[in-house]
Amino acid sequence: MVFLNGEFTPKDQACISVMDRGFLFGDGVYEVIPVYAGKIFRLSDHLVRLQNSLDSIQISNPYTPEKYQNIFDQLLEQSPNSNQAIYLQITRGADTVRKHSFNELTPTVFIELNPLIPKTKTELENGYHAITQPDFRWERCDIKATSLLANIIYSQQAKQSQVEEVILHRDQMMTEGATSNVFTVKGNTLFTHPTGQHILSGITRDLVIESARYCGLIIKEVATKIDDIFSANEVWISSSTREVMPITNVDSKLINNGKIGQHWSQVYDHYQTIKNA
Ligand code: PLP
């Protein structure tokens with residue numbers, strides 16, 4: 001079952017109008033919210049980011065936090081105590097004619113669950129590969145928009161290059177991954193791009209910073225040169241579905257001789273503690 005506009009419906013019977021602006025323009029926003037053992041993780045942070053995304057594109061939030069919680073609870077009843085990723089999408093809704101500007105419409109709300117299988121520490125310890133690419137996305141990467149063509153192009157490049165992620169740079173400065181935030185460690189210092197319009201402010205990014213601080217790392221939220229990635233001691237990516245993942249090879253060059261860093265291991269452990277609290 002999925003949730004669509006007030007109804008719980010089998011997925012293959014859930015329909016939207018061809019005039020829905022999500023379909024015509026990608027005019028909508030979304031969230032991906034992890035659920036561990038049936039417990040929704042950091043829901044209020046995700047709902048705050050959702051509100052920011054909606055405000056940025058002038059869509060009125062159709063539901064209260066309590067209503068979202070209630071819908072999620074009903075969907076989660078189908079698979080109690082499991083790990084899931086909630087996918088929540090809100091589009092501006094359906095108009096009568098296709099035009100770029102908009103009138104106030106009734107938003108379309110779609111929510112579904114997908115199984116979430118976090119990688120084990122042993123799996124993560126193998127390390128992952130990434131490639132770098134110029135960041136040709138727009139200047140409002142802080143909006144979690146469903147119009148994701150650039151990210152799709154990068155993700156397909158990653159797939160074809162058989163790597164986990166594409167790490168992006170704008171004017172030679174590293175921004176984030178196509179579907180993640182990026183961190184580098186040098187000595188005892190963790191570097192990551194500051195929040196703002198050039199990155200998505202990841203909920204996991206905040207947790208990684210919190211964990212790193214707990215583990216004694218100095219945090220510097222500054223943009224760093226993309227070339228500096230090759231001399232980093234550690235490179236990590238983070239997202240709600242991947243948590244914090246070590247990258248040991250960038251553009252076919254080894255990071256830290258291809259070895260997993262000790263800071264990643266500590267931060268990973270602390271992240272698990274927060275998750276399971
Ligand atoms: N940056 C981009 C471009 C993303 O698509 C994502 C997640 O999908 C993230 C960062 C990480 O965000 P979060 O940790 O909230 O999942």
Side-chain angles (χ1 to χ4, degrees), residues 26 28-36 40-54 56 68 83-90 112-114 116-119 124 128 130-159 163-170 173-184 190-212 221 223 226 235-247 267-268 270-272 274-275:
V29 299
Y30 73 108
E31 279 296 322
V32 177
I33 311 167
V35 178
Y36 298 113
I40 306 176
F41 190 53
R42 298 286 160 139
L43 176 58
S44 53
D45 294 343
H46 283 277
L47 292 182
V48 167
R49 187 172 64 186
L50 175 70
Q51 186 66 55
N52 290 338
S53 295
L54 289 168
S56 302
Y68 286 114
N83 294 334
Q84 303 281 338
I86 298 170
Y87 179 76
L88 157 63
Q89 169 172 319
I90 301 176
E112 68 164 345
L113 299 182
N114 289 298
L116 176 65
I117 308 166
K119 293 206 166 17
L124 291 168
Y128 290 82
I131 54 175
T132 62
Q133 285 289 309
D135 192 343
F136 54 69
R137 300 173 303 165
W138 68 334
E139 299 269 348
R140 290 305 310 272
C141 299
D142 55 319
I143 303 173
K144 199 161 168 65
T146 56
S147 30
L148 285 168
L149 267 184
N151 311 62
I152 289 167
I153 291 170
Y154 291 131
S155 292
Q156 191 62 14
Q157 280 176 351
K159 182 177 168 186
V163 298
E164 177 68 23
E165 183 59 301
V166 177
I167 295 175
L168 304 173
H169 53 91
R170 203 184 274 265
M173 305 306 272
M174 186 163 69
T175 49
E176 61 177 340
T179 56
S180 63
N181 293 115
V182 181
F183 302 82
T184 52
L190 181 72
F191 296 90
T192 195
H193 195 285
T195 55
Q197 298 190 347
H198 285 170
I199 69 162
L200 181 75
S201 179
I203 307 301
T204 323
R205 174 185 178 279
D206 288 347
L207 289 164
V208 169
I209 290 174
E210 183 185 325
S211 302
E221 293 183 61
I226 186 68
V235 178
W236 315 334
I237 59 170
S238 75
S239 75
S240 291
T241 50
R242 292 178 175 112
E243 303 181 351
V244 54
M245 184 179 252
I247 301 293
V267 166
Y268 173 88
H270 188 71
Y271 189 94
Q272 298 307 310
I274 298 176
K275 206 177 109 177

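Nothing here was measured: the structure is a model prediction, and the numbers come from that model. Counting convention: from 1, in listed order, for ligands and their atoms alike.
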Trainee: Inspect the contact between E176 and R205 and indicate whether a charged nitrogen and a carboxylate oxygen are less than 4.0 angstrom apart.
Mentor: no
Trainee: Under 3.5 Å, is there a donor-acceptor pair between the side chain of E165 and the main chain of T179?
Mentor: yes
Trainee: Quick test: of every protein heavy atom, which one is nearest to atom 8 (O) of ligand 1, and how far off is it to 0.1 Å?
Mentor: K144 NZ, 3.2 Å
Trainee: May I ask whether V32 places a heavy atom under 4.0 Å from ligand 1?
Mentor: no
Trainee: Can you list the ligand 1 atoms lying under 4.0 Å from a non-hydrogen atom of R49?
Mentor: 12 (O), 13 (P), 15 (O)
Trainee: Quick one: does E31 get within less than 4.0 Å of ligand 1, heavy atoms only?
Mentor: no
Trainee: Strictly under 4.0 Å, does any heavy atom of A178 approach an atom of ligand 1?
Mentor: yes
Trainee: Specify the protein heavy atom at minimum distance from atom 4 (C) of ligand 1: its residue, its atom name, and the distance to 0.1 Å.
Mentor: T179 C, 3.4 Å
Trainee: Looking only at protein heavy atoms, identify the closest one to atom 12 (O) of ligand 1 and say how far it is in Å.
Mentor: G202 CA, 3.4 Å
Trainee: Do H193 and E221 meet the criterion of a side-chain donor-acceptor pair at a distance under 3.5 Å?
Mentor: no
Trainee: Does the plane of the ring in W236 sit parallel, tilted or perpendicular to the ring in F183? Use 30° and 60° as the thresholds.
Mentor: tilted
Trainee: For G177 and ligand 1, answer yes if some heavy atom of the residue is under 4.0 Å from a ligand atom, otherwise no.
Mentor: yes
Trainee: Considering P34, S238, S240, A150 one by one, which has a heavy atom nearer to atom 13 (P) of ligand 1 than any of the others?
Mentor: S240
Trainee: Which option wins on minimum heavy-atom distance to atom 1 (N) of ligand 1: R137, E176, H46?
Mentor: E176
Trainee: For atom 14 (O) of ligand 1, which protein heavy atom lies nearest, and how many Å away is it?
Mentor: T204 OG1, 2.6 Å
